[in-house]
Amino acid sequence: MIQHNDYSDLLRNNHKWAAEKLETDKSYFEELAKPQKPKFLFIGCSDSRIPLESITESEPGELFVHRNIANQINLTDINLLSIIEYAVEILNIEHIIVLGHYKCGGVKAAVEGLDEEDIVENWVSQISDLYHFHKKELESIGDKAKMYDKLSEMNVISQLKNLLRTPIIQRAFRNNKKLYFHGWIFDIYTGLINDLQLPLDEWKEYDLLPEDY
Ligand code: CO
C-alpha cells in the first residue's frame, strides 16, 4: 500500500495531477471553475479507507459530500443540515446516498467505547441505542466482526430515517420534488458497494415518505 508519509509528496502529486489534466484537456480548469452541477449528495464516514471519488470513479464536480464519524444524520447538526438544504434547494440534487462501511471504528466505539475519549462516544450515541434495541438479533450472529458489520448496515438505514425527518426533506416532498434515497455499504473486504434494501413501507407508515413514493 502506498503511504504518503511526507506532506510534500501530496503537494508534488497535486502539481503532477493538474499538469496531467491540462495535458488531456486544455480547458479542464476553465470548465471546473464554472458553477457546480453535482447529481449526487453523499453522506459518508470520515474513514480514510473510503475515498468516495476513487471507489466510484467520479470526477471533480460530480459528488457533493458531507462526511463525519460513522455517517451520522444528526437533526441538530447545522453543518449537515445546511449541506442538505443547499443540495436539495439550490443544486437540485435528486439522489441522496448514505454510505456506511464495514469495519467502521465509530460503530465499534458506540458499543465498546474508546479509551479515555468520550466525545466520539457522544457523537455515536445513536448507534449505541440502535445496538441495545437490536441486541438479541445482533448477538445471535456470534462472530463479533460480522455483528459490527450488521450494525453498520442498520446504522445506514437508521440515518436515512433521520434524513427523512428533516424539515428540508419534508418540505421538498410537499413541493413535489423528485428525490431518491440510497443506503449503501462499502464492503471493505471486497471493495464492492452493497445497495441495501430500504424499508419504504415502514417509512410510509411513519408518514416519513409520501404514499406514492
Ligand atoms: Co467509519
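Whatever order the structure lists ligands and atoms in, that order sets their numbers, starting from 1.
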Could you pull out every donor-acceptor pair under 3.5 Å between side chains of residues 75-90 and any protein atom, sequence neighbours left out?
residue	atom	partner	partner atom	Å
T76	OG1	N74	OD1	2.8
D77	OD1	N79	N	3.1
D77	OD1	L80	N	3.2
S82	OG	I78	O	2.8
S82	OG	N79	O	2.9
E89	OE2	R171	NE	3.1
E89	OE2	R171	NH2	2.7

Q. Is the closest side-chain heavy-atom distance between E59 and Y28 below 4.5 Å?
A. yes

Q) Protein N/O/S atoms under 2.8 Å of the Co ion (ligand 1)? A) C45 SG, H101 NE2, C104 SG

Q. Under 6.0 Å between the ring centres of Y102 and W184?
A. no

(Q) Using the ring pair (Phe, Tyr, Trp, His ring centres under 6.0 Å) criterion, which residues pair with F40? Sequence neighbours excluded. (A) H95

Q: Using the ring of F29 (Phe, Tyr or Trp, six-membered ring only), decide whether K21 places NZ or CZ under 6.0 Å from its centre and within 45 degrees of its axis.
A: no

Q. What pairs with K39 under side chain to side chain donor-acceptor pair (under 3.5 Å), at least two apart in sequence or on another chain?
A. none

